[in-house]
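Numbers here simply count residues along the sequence, with the first being 1. Because the structure is predicted, anything quoted here is derived from the model rather than measured. Basis for what follows: all heavy atoms, side chains included, without hydrogens, waters or symmetry-related copies.
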Amino acid sequence: MNTYESFKADILKMTEIDLNAYKEKQMKRRIDSLIAKHGVDGYDNFVRLLRSNHDVFEEFVNYLTINVSEFYRNPNQWVILENDILPQLIKQSGKDLKIWSAACSTGDEPYSLIMLLSKFMPLEKTHVLATDIDNQVIEKAKAGLYNEKSLAGLPETFKKSFFSKVGERNYAISPEVKKRVTFQQHNLLKDSYPTGLDMIVCRNVMIYFTEEAKEEIYQKFYQALKPGGILFVGSTEQIINSSRIGFQSKYSFFYEKK
């Protein structure tokens, strides 16, 4: 059957990505435009193309994941992180913090976390686990090459200390910072979560999920955190009824596991 429903079932089998968890109108429009780009007639034929052409398959997975990322996005929230959240976590757990950057996209966020942590401890003592569903963006993250626009919000001291200029408009992050991040592929809807975490940073991805999927993910985040652990979310992603899950709103966009 050449329908979007059967297409979703095929994609689940091929990629373990459940398209039912995404807002349908938005996702279907993205997929339809990709099918049109390749000049394919219908979902069944596109599935055949995905199975037979590795490059198109990789492009499709990349296309499904929305990668809008920049260093120190919403700088005021990073100030709260530096002045209040990290000192509290270090007081609770010491300097060996377990931090997870979930849906990390091209690495801007976990690298920002490492640079900020270096203000509290030697760089070689820092570590962040960074995950994303998309292998292509993980590869971009590992490469650590960024354009000028990505670095616009980053404190100047970090730019000077941790980046070298490549050509006219690009910057490479230092190998010392790269070494402090462990990148892994991870599906928030399907894979098991790490445990005993001091902080989870998951920003600007939940807006793409249905309410049911969000609820499930927030519950899993809660279970993954230590008591007193912090969940840091995006600027458009305040958790409705966070106390029902067990979170207490500490600041806007920061939630504490009581």
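- Within the 3.5 Å criterion, the main-chain N or O of Ser252 finds no donor-acceptor partner in the side chain of Gln238.
- Residues Val56 and Phe46 form a side-chain contact, since some pair of their non-hydrogen atoms from C-beta on lies under 4.5 Å apart.
- Here the side chains of Phe253 and Ile80 are not in contact, with every heavy-atom distance at 4.5 Å or above.
- A distance-only check finds a donor-acceptor pair linking the side chain of Thr210 to the backbone of Ala213 [under 3.5 Å].
- Between the side chain of Lys214 and the backbone N or O of Tyr208 there is no donor-acceptor pair closer than 3.5 Å.
- Taking each heavy atom of Ser118 and Phe162 in turn, the nearest pair found is OG-CZ, 3.6 Å.
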So Thr182 and Gln184, side chain to side chain contact (heavy atoms under 4.5 Å, CB included) or not? Walk me through it.
CA-CA 7 Å; Thr182 301; Gln184 292 174 5; 4.0 Å; yes

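- Sequence neighbours left out, the pairs with a member in residues 113-127 that pass salt bridge (Lys or Arg N to Asp or Glu O under 4.0 Å) are Glu82-Lys119.
- Rounded to the nearest 0.5 Å, atoms CD1 (Ile239) and CD1 (Ile217) are 11.0 Å apart.
- For the pair Glu237 (side chain) and Asn204 (backbone), a donor-acceptor distance under 3.5 Å is present.
- In this structure, the side chains of Met115 and Leu154 come closer than 4.5 Å at one or more pairs of heavy atoms.
- Trp78 is listed as a side-chain neighbour of Ser112, based on a closest heavy-atom distance under 4.5 Å.
- The NZ atom of Lys257 sits 5.5 Å away from the CD atom of Gln223 when rounded to the nearest 0.5 Å.
- No donor-acceptor distance shorter than 3.5 angstrom exists from the side chain of Ser161 to the backbone of Phe158, with no hydrogens or angles considered.
- Note that the OG atom of Ser105 and the CG atom of Asp132 stand 6.0 Å from one another [nearest 0.5 Å].
- Salt bridge status for Glu109 with Arg203: present, with a side-chain N to carboxylate O gap under 4.0 Å.
- Screening residues 101-139 for ring pair (Phe, Tyr, Trp, His ring centres under 6.0 Å), with sequence neighbours left out, gives Tyr111-Phe183.
- More than 12 heavy-atom neighbours from other residues, nucleotides or ligands sit within 6.0 angstrom of CG on Asn53.
- Interatomic distance, Gln248 CD to Glu256 CD, rounded to the nearest 0.5 Å: 6.0 Å.
- Proximity of Phe60 to Asp55: side-chain heavy atoms (C-beta onward) are nowhere separated by under 4.5 Å.
- When all heavy atoms are compared, the tightest approach of Met121 to Lys95 is SD-O, 3.3 Å.
- Side-chain N or O atoms of Glu70 include none that pairs as donor or acceptor with a backbone N or O of Leu151 at under 3.5 Å.
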Take Lys165 and Asn170 through the side chain to side chain contact (heavy atoms under 4.5 Å, CB included) test and state the conclusion after the steps.
CA-CA 6 Å; Lys165 204 162 185 190; Asn170 291 304; over 6 Å; no

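- Using a 4.0 Å cut-off between charged side-chain N and carboxylate O, Glu24 and Arg29 make no salt bridge.
- Considering all non-hydrogen atoms of both residues, Phe57 and Leu50 come closest at CB-O, 3.6 Å.
- In summary, Lys159 and Glu148 do not engage in a salt bridge, as defined by a charged side-chain N under 4.0 Å from a carboxylate O.
- By the criterion of side-chain heavy atoms lying less than 4.5 angstrom apart, applied directly or through intervening Ile, Leu, Val, Met, Phe, Trp or Tyr residues, Ile245 is grouped together with Tyr255 in one hydrophobic cluster.
- Expressed to the nearest 0.5 Å, how far CD1 of Ile99 lies from CD1 of Ile230 amounts to 11.0 Å.
- Considering only heavy atoms from C-beta on, Asp198 comes within 4.5 Å of Lys226 through its side chain.
- Checked for salt-bridge contact, Arg244 and Glu215 meet the test: a charged N lies under 4.0 Å from a carboxylate O.
- In this structure, Ser243 contributes its side chain and Gly246 its backbone to no donor-acceptor pair below 3.5 Å.
- The minimum heavy-atom distance linking Val205 with Cys202 is given by the pair CG1-SG, 3.5 Å.
- Although no hydrogens or angles enter the test, the distance criterion places no donor-acceptor pair under 3.5 Å between the side chain of His186 and the main chain of Tyr193.
- Here the straight-line distance linking atom CD of Glu176 with atom CD1 of Ile114 works out to 12.5 Å at 0.5 Å rounding.
- The shortest distance between side-chain heavy atoms of Phe163 and Phe71 falls below 4.5 Å.
- Counting heavy atoms from C-beta outward, Leu113 and Leu81 have side chains that approach closer than 4.5 Å.
- Aromatic ring centres of Phe254 and Phe232 lie closer together than 6.0 Å.
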Any chance you could lay out the side chain to side chain contact (heavy atoms under 4.5 Å, CB included) test for Leu188 and Ile133, step after step, and finish with the verdict?
CA-CA 8 Å; Leu188 283 169; Ile133 196 170; over 6 Å; no

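- Counting heavy-atom neighbours within 6.0 Å of Asn83 CG, excluding the residue itself, gives a total above 12.
- The closest donor-acceptor contact from the side chain of Ser93 to the backbone of Ile90 lies at 3.5 Å or more, if one exists at all.
- Between Glu156 and Lys160 there is no salt bridge, since no side-chain N of the basic residue sits under 4.0 Å from a carboxylate O of the acidic one.
- With a 4.5 Å cut-off between side-chain heavy atoms of Ile, Leu, Val, Met, Phe, Trp and Tyr, the cluster of Val79 takes in none.
- Hydrophobic clustering (ILVMFWY, side-chain heavy atoms < 4.5 Å, transitive): Leu145 and Tyr72 are in distinct clusters.
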Assess the residue pair Ile31 and Leu19 against the criterion (side chain to side chain contact (heavy atoms under 4.5 Å, CB included)); give the C-alpha distance rounded to whole Å, side-chain angles, the decisive distance to 0.1 Å, and a yes or no.
CA-CA 11 Å; Ile31 290 166; Leu19 294 177; 3.9 Å; yes

